[in-house]
Amino acid sequence: MKEKIFLLVITCFVIVVKAQMTNIGSFYISENTLISVHEDILIKDYGAIVNDGDLYLFKNFTNDGKFKFTNDKITGLTSFVGSDSQTISGRGTSSFMLVEFDNQSADLAFNLDKEIEIAGTTFFENGILKAGEQGIVTYFNGATNIGVSNKSYVNNKVQKRGNERFVFPVGDYHSKTFVPRAVTISAPSDPTTNFYVCFNWEKANIDFSTKEEDIGLIDMNEFWDVQNKSNDELIALTLTWSNLTTPEDIYSDPSKIIIVRWNGEKWIKEREGVKIDSSRKSITANVSGYGIFTLACEKKRGTIDPVIDFSVSNSFSPDGDGINDEFVIPGLAEAYPTFKIKIYNRYGNTVYKYSNNNQLNPIWWDGKSDGRLTLTGKTKVMPATTYWYVVDFNDGKTKPYQGWLYLNK
């Protein structure tokens, strides 16, 4: 028995749908036509929607068939404008010419559970796209994005196919702090090149002590995973720094900022084509490979290694039993009486800051934060987890040391 196909052609009309819309055939939205769907939309396996008009979606979008536009046209706007959180899901291909995200119901307004493809412009207005395990945004040649801000971006992975320069609208969040951290690549030569970028506001699970000799402090708070999935062609990569996610020790002297990459054995410095733009808080370098990237600062010339053994001070348990209740570094005050120390949580928030003034009995960290240096607002016992710290020996010749400690309870 032949399958029945239903074809609906709509021209020059405004239509409002206030019931669930289920599509099992072909549905065409022509130019100069506006349709608003106020309930969930479901495209069945053999269904298809071709949008060359304006489609406003106020609820969830599930596509198990096809959603596309006419290839030789540059019209077709799909707007996700719900008043509740919206989920974008399904097994089918979803290709948009123009797409708008404008949902003020929540910070993480969009749950992206599938790949969506964008050939034209993305308008980021309100609402962050939270990409699930199977969710990703893929841009084609000619695609652009505008309006990226802390109110709207892709959290946290994007793909780009083509041979054009592109700005990846990625970011991440912690608690109620949302941060876009755009990444830019120069134009590859091959039009079939597929680049993948993912930004993570957390520490990479990598050894930060193994690095090239001229690399100083490394940014442990954040990292970018950048991959050329198509070939070995190398490009220029532009990263940015932020006072919300990047430790101050990294960007306090912008002229010393560098891009570093983990090559599988150690951190290496990207040395070619370096350009620093302090006004834009960005740095560009020609990459020598792909993988995990982050920011660092150059090692100060003439600096020497500290004489302290930090391996004996990597954990403490502030439980009030009088044993190992503070994070103490033996011999530090004696060898470097004017040392300074900062301790950060995994998201780069300072939880402890201390400058020693020739005291033989420094005020060591007791596992509490006083609120002036963190986002907590009050004195607070910090949770049992891993923290990282930076020691400035403040003697004009010894290079700073960064390490990890574990607060145990």
Side-chain angles (χ1 to χ4, degrees), residues 1-82 84-101 103 109-123 129-143 154 157-162 192 194:
M1 185 176 85
K2 294 183 178 179
E3 179 185 1
K4 292 183 178 179
I5 301 296
F6 297 93
L7 177 63
L8 178 60
V9 180
I10 303 173
T11 58
C12 302
F13 289 112
V14 175
I15 294 180
V16 178
V17 180
K18 292 189 175 181
Q20 177 172 319
M21 179 175 174
T22 301
N23 173 247
I24 60 174
S26 295
F27 190 94
Y28 177 64
I29 306 171
S30 66
E31 296 178 62
N32 303 314
T33 300
L34 186 152
I35 294 181
S36 293
V37 182
H38 288 259
E39 296 298 333
D40 294 346
I41 183 169
L42 170 62
I43 305 174
K44 292 282 192 175
D45 290 6
Y46 297 101
I49 292 180
V50 179
N51 179 26
D52 291 334
D54 294 338
L55 175 61
Y56 287 81
L57 303 177
F58 288 80
K59 296 291 185 179
N60 299 320
F61 174 85
T62 303
N63 175 24
D64 291 331
K66 293 182 179 180
F67 185 95
K68 57 183 181 178
F69 54 90
T70 303
N71 288 335
D72 60 350
K73 296 182 179 180
I74 57 173
T75 59
L77 169 67
T78 304
S79 295
F80 292 88
V81 290
D84 296 306
S85 295
Q86 294 174 271
T87 296
I88 303 171
S89 61
R91 301 183 302 274
T93 301
S94 296
S95 299
F96 302 92
M97 170 52 73
L98 309 172
V99 61
E100 176 187 34
F101 297 101
N103 185 324
F110 304 102
N111 297 309
L112 184 60
D113 293 337
K114 71 181 303 294
E115 179 182 8
I116 60 173
E117 301 172 344
I118 300 174
T121 302
T122 304
F123 301 93
L129 280 75
K130 185 178 181 181
E133 184 176 351
Q134 302 299 321
I136 194 168
V137 179
T138 300
Y139 287 91
F140 294 141
N141 260 354
V154 181
K157 50 187 175 179
V158 167
Q159 289 186 130
K160 171 63 168 65
R161 296 174 186 165
T192 66
N194 184 15

**Report entry** Contact check, side chains of Val137 and Thr122, non-hydrogen atoms, under 4.5 Å
**Finding:** no
Would you give me the side-chain donor-acceptor pairs under 3.5 Å for residues 74-82, sequence neighbours excluded?
unit_1	atom_1	unit_2	atom_2	d
Thr75	OG1	Asp52	O	3.0
Thr78	OG1	Asn51	ND2	3.1
Ser79	OG	Glu100	OE1	2.8

Requested in this report: Return the set of residues passing side-chain hydrogen bond (donor to acceptor under 3.5 Å, both in side chains) with Asn63 (not counting sequence neighbours), or none when no residue passes.
Outcome: Ser94
Report task. Please test Val37 against Lys59 for side chain to side chain contact (heavy atoms under 4.5 Å, CB included), starting from the C-alpha separation and ending with a verdict. Result -> CA-CA 8 Å; Val37 182; Lys59 296 291 185 179; over 6 Å; no
Report task. Would you check if Lys66 and Val50 make a side-chain contact, meaning some heavy-atom pair closer than 4.5 Å? Result -> no
Query raised in the report: Is any side-chain N of the basic residue among Asp64 and Lys44 closer than 4.0 Å to the acidic one's carboxylate O?
Result: no
Query raised in the report: Run the side chain to side chain contact (heavy atoms under 4.5 Å, CB included) check on Asn194 and Gln159 step by step: do they pass?
Result: CA-CA 7 Å; Asn194 184 15; Gln159 289 186 130; 3.5 Å; yes
Report task. Give every residue pair that meets the salt bridge (Lys or Arg N to Asp or Glu O under 4.0 Å) criterion with at least one member in residues 112-121, sequence neighbours excluded. Result -> Glu115-Arg161
Report task. Report the C-alpha separation of Val99 and Ile116 in whole Å, then their side-chain angles, then the decisive distance to 0.1 Å, and conclude whether the side chain to side chain contact (heavy atoms under 4.5 Å, CB included) test is met. Result -> CA-CA 10 Å; Val99 61; Ile116 60 173; 5.8 Å; no
Query raised in the report: Under the side-chain contact (heavy atoms from CB on, under 4.5 Å) test, which residues partner Ala119, sequence neighbours left out?
Result: Phe69, Met97, Phe140
**Report entry** Audit row: Val154, Ile136, side chain to side chain contact (heavy atoms under 4.5 Å, CB included) steps and yes/no
**Finding:** CA-CA 9 Å; Val154 181; Ile136 194 168; over 6 Å; no
Report summary line: Residues passing the salt bridge (Lys or Arg N to Asp or Glu O under 4.0 Å) test with Asp54, sequence neighbours excluded, are none
Query raised in the report: Counting distance only, does the side-chain N/O of Asn60 pair as donor-acceptor with the main-chain N or O of Asp40 below 3.5 Å?
Result: no
Report summary line: The ring pair (Phe, Tyr, Trp, His ring centres under 6.0 Å) partners of Phe58 (sequence neighbours excluded) come to His38
Report task. Tell me, please, which residues at least two apart from Phe67 pass ring pair (Phe, Tyr, Trp, His ring centres under 6.0 Å). Result -> Phe61, Phe96
Requested in this report: Could you tell me the separation between the CG atom of Leu98 and the CG atom of Leu55, rounded to the nearest 0.5 Å?
Outcome: 12.5 Å
Query - Rounded distance (nearest 0.5 Å) linking atom CZ of Phe110 with atom CG of Asn103 - result: 4.5 Å
Query - Gln86 to Leu57 - nearest heavy-atom pair and separation - result: NE2-O, 3.0 Å
Requested in this report: Kindly write out the residues that satisfy side-chain hydrogen bond (donor to acceptor under 3.5 Å, both in side chains) with Asn141, not counting sequence neighbours, or none if the list is empty.
Outcome: Lys160, Asn163
Report summary line: Sorted by chain and number, sequence neighbours left out, side-chain hydrogen bond (donor to acceptor under 3.5 Å, both in side chains) with Lys157 holds for none
